[in-house]
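A quick write-up on the structure given underneath.
One-based numbering along the sequence shown. Values below: all heavy atoms of this structure, side chains included; hydrogens, waters and symmetry mates excluded.
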Amino acid sequence: KLKDDKYMPMFIRTLSDSSYKCVSAALVAINKLDTTLSQNTALILLKEPDMELKGTCYAVLSERYDSSLNLIFQSKLNEEAGYTKINLFYHYANYLTHADSAIVTQGIQYLYEKGAEDVSKKYNSTAKKSIERVRDYIKKRSDAPFYETIKTLADDLMDKLKKRE
């Protein structure tokens with residue numbers, strides 16, 4: 001019902017609300033109407049400290065492939081911690097499912113490094129799940145001739161993560 005352009009001014013006003021929940025809901029609604037505006041807004045809102053809002057921003061950014069976002073996701077994996085970092089593993093994996101083979105290969109390696117750098121089993125298992133998600137999604141794509149290469153890399157990295165636990 002809200003996917004109607006007549007509501008856009010209300011959604012935009014709500015982005016400056018004092019409630020992060022309202023801002024998150026507005027961002028999701030804007031994303032249904034204008035992905036460019038929602039992605040640009042999400043990049044700005046990532047500066048806010050709220051964990052739920054950051055999760056919404058990462059979800060918006062991960063839905064569409066834009067090569068310029070790869071470095072942003074990777075820099076945020078360096079910055080974030082705790083649950084937000086775990087959540088970011090998933091969203092970066094989702095972003096990678098839209099990418100070309102070179103970015104996917106490099107991204108899976110990065111997911112491994114960011115998971116393996118922390119000896120916590122929680123991060124390692126999340127990194128494994130993210131790597132598996134990319135691998136399994138690519139397997140389902142009929143236009144992914146690079147699947148075998150990605151599968152080999154993903155399986156190797158998951159084995160290494162298991163040994164670190």
Side-chain angles (χ1 to χ4, degrees), residues 2-5 7-115 117-118 122-123 125-138 140-141 143-144 146 150 153-154 157:
L2 294 177
K3 194 174 178 179
D4 188 333
D5 286 332
Y7 296 116
M8 185 64 92
M10 177 186 65
F11 298 147
I12 291 172
R13 279 193 313 275
T14 306
L15 289 173
S16 59
D17 195 274
S18 61
S19 165
Y20 287 124
K21 286 193 180 289
C22 289
V23 174
S24 291
L27 185 60
V28 169
I30 291 169
N31 193 42
K32 293 175 191 239
L33 296 169
D34 185 340
T35 57
T36 302
L37 176 60
S38 66
Q39 288 198 333
N40 291 338
T41 303
L43 290 170
I44 293 166
L45 292 173
L46 280 176
K47 296 175 183 137
E48 297 296 328
D50 186 70
M51 185 172 53
E52 183 181 328
L53 179 58
K54 284 184 179 191
T56 301
C57 290
Y58 291 134
V60 165
L61 293 172
S62 71
E63 288 179 7
R64 183 174 65 93
Y65 179 69
D66 176 343
S67 61
S68 68
L69 295 175
N70 192 47
L71 290 177
I72 291 169
F73 274 107
Q74 290 182 356
S75 70
K76 291 298 182 182
L77 278 167
N78 286 326
E79 295 171 18
E80 300 292 5
Y83 180 77
T84 305
K85 183 172 185 171
I86 292 169
N87 196 18
L88 183 51
F89 274 119
Y90 171 81
H91 292 300
Y92 184 50
N94 187 48
Y95 166 81
L96 289 173
T97 63
H98 307 293
D100 62 42
S101 62
I103 296 292
V104 172
T105 301
Q106 190 265 348
I108 287 177
Q109 183 71 37
Y110 202 81
L111 281 168
Y112 164 72
E113 289 169 4
K114 292 295 129 188
E117 77 180 9
D118 191 312
K122 182 165 54 170
Y123 286 166
S125 66
T126 303
K128 279 192 299 200
K129 286 177 185 172
S130 295
I131 291 167
E132 288 170 352
R133 176 177 163 71
V134 175
R135 182 198 61 194
D136 294 344
Y137 181 86
I138 289 169
K140 293 176 186 173
R141 286 179 45 189
D143 63 340
F146 53 88
I150 301 301
L153 172 66
L157 295 178

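Counting heavy atoms from C-beta on, the side chains of Ile103 and Ser67 never come closer than 4.5 Å. Two residues are said to be in side-chain contact when any heavy atoms from C-beta on lie closer than 4.5 Å; Glu48 and Val23 fail this criterion. Residues Thr56 and Leu45 fail the side-chain proximity criterion, which asks for heavy atoms closer than 4.5 Å. Looking at heavy atoms from C-beta onward, Phe73 lies in side-chain contact with Ser62 at the 4.5 angstrom threshold.
For the side chain to side chain contact (heavy atoms under 4.5 Å, CB included) test with Cys57, the passing option among Ile44, Leu43, Asp50, Leu27 is Leu27; the others fail.
Side chain of Thr35 to backbone of Asn31: no donor-acceptor contact under 3.5 angstrom is found. Under the 3.5 Å distance criterion, the side-chain polar atoms of Tyr95 are left unmatched by any main-chain donor or acceptor of Tyr65.
In this structure, Cys22 SG and Arg13 CZ are separated by 13.0 Å, a value rounded to the nearest 0.5 Å. The structure places NE2 of His91 at 13.0 Å from CG of Leu96, a figure rounded to the nearest 0.5 Å. Once rounded to the nearest 0.5 Å, the distance linking OG of Ser19 with CG of Leu53 reads 10.0 Å.
Here Thr41 pairs with nothing under the side-chain hydrogen bond (donor to acceptor under 3.5 Å, both in side chains) rule; sequence neighbours left out. Residues passing the side-chain contact (heavy atoms from CB on, under 4.5 Å) test with Lys3 are Lys32, Leu33, sequence neighbours excluded. The side-chain contact (heavy atoms from CB on, under 4.5 Å) check on Thr36 picks up Asp34, Asn40, Arg64, with sequence neighbours excluded. Residues that satisfy the side-chain hydrogen bond (donor to acceptor under 3.5 Å, both in side chains) test with Tyr7, not counting sequence neighbours, are absent from this structure. Remark: Glu52 pairs with Lys21 by the side-chain hydrogen bond (donor to acceptor under 3.5 Å, both in side chains) rule, at least two apart or across chains.
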Item to check | Verdict with supporting geometry, Asn70 and Gln106, side-chain contact (heavy atoms from CB on, under 4.5 Å) | outcome: CA-CA 10 Å; Asn70 192 47; Gln106 190 265 348; 3.3 Å; yes
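Using a 3.5 Å distance cut-off with no hydrogens or angles, the side chains of Gln74 and Tyr92 do pair a donor with an acceptor. For Tyr58 and Glu80, the side-chain atoms include at least one donor-acceptor pair closer than 3.5 Å.
Minimum interatomic distance between Gly55 and Asn87 (heavy atoms only, all atoms of both residues): CA-ND2, 3.4 Å. Of all heavy-atom pairs spanning Val60 and Ala42, the tightest one is CG1-CB, 4.2 Å.
For residues 66-76, the salt bridge (charged side-chain N to carboxylate O under 4.0 Å, His left out) pairs, not counting sequence neighbours, are Lys76-Glu79.
A 6.0 Å sphere centred on CE of Met51 holds no more than 12 heavy atoms belonging to other residues, nucleotides or ligands.
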